[in-house]
Protein chains: 2
Amino acid sequence: MSRWEPDARGRLERAALELYLERGFERTSVAEIAERAGLTERTFFRHYTDKREVLFAGSSALQELLVDTVARAPGPATPMEAVAAALQAAAAVLQERREHARRRHAVITANAELQERELIKLAALAAGLADALRQRGVDDASASLAAEAGIAVFKVAFRRWTEQAGEKDLSEFIGESFAGLKAVTAGT
Amino acid sequence: MSRWEPDARGRLERAALELYLERGFERTSVAEIAERAGLTERTFFRHYTDKREVLFAGSSALQELLVDTVARAPGPATPMEAVAAALQAAAAVLQERREHARRRHAVITANAELQERELIKLAALAAGLADALRQRGVDDASASLAAEAGIAVFKVAFRRWTEQAGEKDLSEFIGESFAGLKAVTAGT
DNA sequence: TACCCGATGACAGTCACTGACATCAGCTGC
DNA sequence: GCAGCTGATGTCAGTGACTGTCATCGGGTA
């Protein structure tokens, strides 16, 4: 048997989410998270750069999924089609873990600092999408615009998904939002 | 004559921008800003909620300008036309103070925490735009999408404006970006 | 003249985050 | 099977952002 309990990161992430739900982000100290995970505060900061980051561990995997999906989109796909495919792929992942996604999102919407972190993660996703589009030969400005517009669609769709009373899939909200964006930009 | 030097906020804002430019955001302490402004650290925090906020004092004025411009757009204007008018109004203000805008932006792009704050301010602008559109009778989803898309256009245009070698006006970049968005969303 | 108010200062405290050094189970080379 | 290295963790002493509380006092007000 090994010297320490396994999966320190997993324990920290679960402890953090639990505590943020129980008492709120601000009223939870890093020492408390570490204690619940059976570790020390110092070790927390070896795994996560700050108190917020522990909620965003999965975002790099999402980023890879988006970028890969754009890269693998069929050759003739337009930039927005490639972005749409990427967002649908991401939606499928989130739909699978919808309870976790909603709990996490509830914590984030309750705290401005966490919203800031979420926004910069979304900006990073946009930058990754834009890069992937450029790799496909899309010109610089169009790549940025398609990526930013795609993230805008995602933000709106995700919010509607979490606020709905029913159980409609995230992918449907994304489809509707893309259609809505098309309609609204047509009238300029 | 009054008991204290006037314009404490202005002195703090100028001192902060200077120091952030001279030594970087992270390597500047609030005590140093306050000292250069002839005040104490405690007083700094009476004027600004945190060390970042001192760079964003003007954002509420920008928000009011955007919201007012949408509210006053001609009745038959489409949502995107109203948003475009608002962004052009904001662009004119930034163009006027372009040296200040660029210095400030240089500080922000050099630091992730400041970028986070900028993003949440932009998100607030989007929320304000969306509200103003709803007041005009635009349906909920379209209002959010037009607002978010408008902010996406603004982000791209602003970045191109600051990165350009020449002296082209921000309003031109915004016009081009709106056209680019229209082109890119048409191909879905 | 007495009083209040609002902007500031003084000071102590909490907590996020960092740097430096210590510990020690398990693997590696011999 | 032993010496030594490694990597994840612990310990401890900071620094600096931010907060609560009380004191100060020039200027306006009754």
Side-chain angles (χ1 to χ4, degrees), chain A residues 1-57 107-108 110-118 120-121, chain B residues 1-57 107-108 110-118 120-121:
Chain A
M1 59 182 284
S2 66
R3 183 172 178 188
W4 296 284
E5 292 298 308
D7 194 22
R9 289 178 68 96
R11 274 148 53 212
L12 285 169
E13 282 165 32
R14 286 187 291 277
L17 182 56
E18 283 170 25
L19 283 164
Y20 293 168
L21 281 165
E22 286 170 20
R23 353 215 307 217
F25 174 79
E26 286 177 13
R27 288 149 52 76
T28 302
S29 76
V30 174
E32 289 167 338
I33 298 168
E35 188 187 355
R36 183 169 295 199
L39 294 163
T40 49
E41 188 182 350
R42 191 67 184 86
T43 296
F44 177 97
F45 286 110
R46 287 201 180 92
H47 287 280
Y48 301 99
T49 58
D50 60 47
K51 190 183 165 187
R52 291 175 259 173
E53 196 64 18
V54 67
L55 278 181
F56 296 88
V107 171
I108 291 172
N111 180 272
E113 287 181 65
L114 291 172
Q115 289 169 45
E116 291 186 343
R117 180 57 50 88
E118 170 134 289
I120 208 167
K121 295 292 183 185
Chain B
M1 57 183 288
S2 66
R3 184 172 176 189
W4 296 284
E5 292 298 308
D7 195 22
R9 290 177 69 94
R11 274 149 53 213
L12 286 170
E13 282 165 32
R14 284 187 293 275
L17 182 56
E18 283 170 24
L19 284 164
Y20 293 167
L21 281 166
E22 286 170 20
R23 350 212 316 212
F25 174 79
E26 286 178 12
R27 290 150 50 78
T28 301
S29 76
V30 174
E32 289 166 339
I33 298 168
E35 188 188 355
R36 183 170 295 199
L39 294 164
T40 50
E41 188 181 351
R42 189 68 185 87
T43 297
F44 177 97
F45 286 110
R46 287 202 180 91
H47 287 280
Y48 301 99
T49 58
D50 61 47
K51 191 185 164 186
R52 291 175 257 173
E53 196 64 17
V54 67
L55 278 181
F56 296 86
V107 171
I108 291 171
N111 180 271
E113 288 181 65
L114 292 172
Q115 290 168 42
E116 290 186 343
R117 180 58 49 87
E118 171 135 290
I120 208 167
K121 295 293 183 184

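What you see is a predicted model, and the numbers here were worked out from it, not measured in a lab.
- Minimum interatomic distance between Arg117(B) and Phe56(B) (heavy atoms only, all atoms of both residues): CG-CE1, 3.3 Å.
- Protein atom NZ of Lys51(A) is 13 Å distant from nucleotide atom P of dC18(D), rounded to whole Å.
- Taking atom CG on Asp50(A) and atom P on dA17(D), their separation rounds to 16 Å, with Å as the unit.
- Evaluation of the side chain to side chain contact (heavy atoms under 4.5 Å, CB included) rule for Ala8(B) yields Arg11(B), Leu39(B), His47(B) as partners, not counting sequence neighbours.
- One can place CD of Glu32(B) at 8 Å from P of dG16(D), the figure rounded to the nearest angstrom.
- Surrounding CD of Glu113(B) are more than 12 heavy atoms belonging to other residues, nucleotides or ligands, all under 6.0 Å away.
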Mark up nucleotides 7-15 of chain D, 5' to 3', with B wherever a protein heavy atom is under 4.0 angstrom from a base atom, S wherever such an atom reaches only the sugar-phosphate, and - elsewhere. BBBBBB---

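- A side-chain hydrogen bond (donor to acceptor under 3.5 Å, both in side chains) with Glu116(B) holds for exactly one of Lys121(A), Gln115(A), Arg52(A); it is Arg52(A).
- Using a 4.0 Å cutoff on non-hydrogen atoms, no part of residues 17-27 of chain A comes near DNA chain C.
- Whole-Å rounding puts the Glu35(A) CD to dA16(C) P distance at 14 Å.
- In this structure, Arg9(B) places its CZ atom 17 Å from P of dG6(C), rounding to the nearest Å.
- Heavy-atom minimum distance, Val107(A) versus Tyr20(A): CG1-CB, 3.7 Å.
- The CD-P distance, from Glu113(A) to dA17(D), rounds to 15 Å in whole Å.
- Closest approach of Val54(A) and Leu12(A) over heavy atoms only: CG2-O, 4.0 Å.
- Listed here is the closest heavy atom pair of Glu32(B) and Thr28(B): OE1-CA, 3.5 Å.
- Other residues, nucleotides and ligands contribute more than 12 heavy atoms inside 6.0 Å of the CD atom of Glu53(A).
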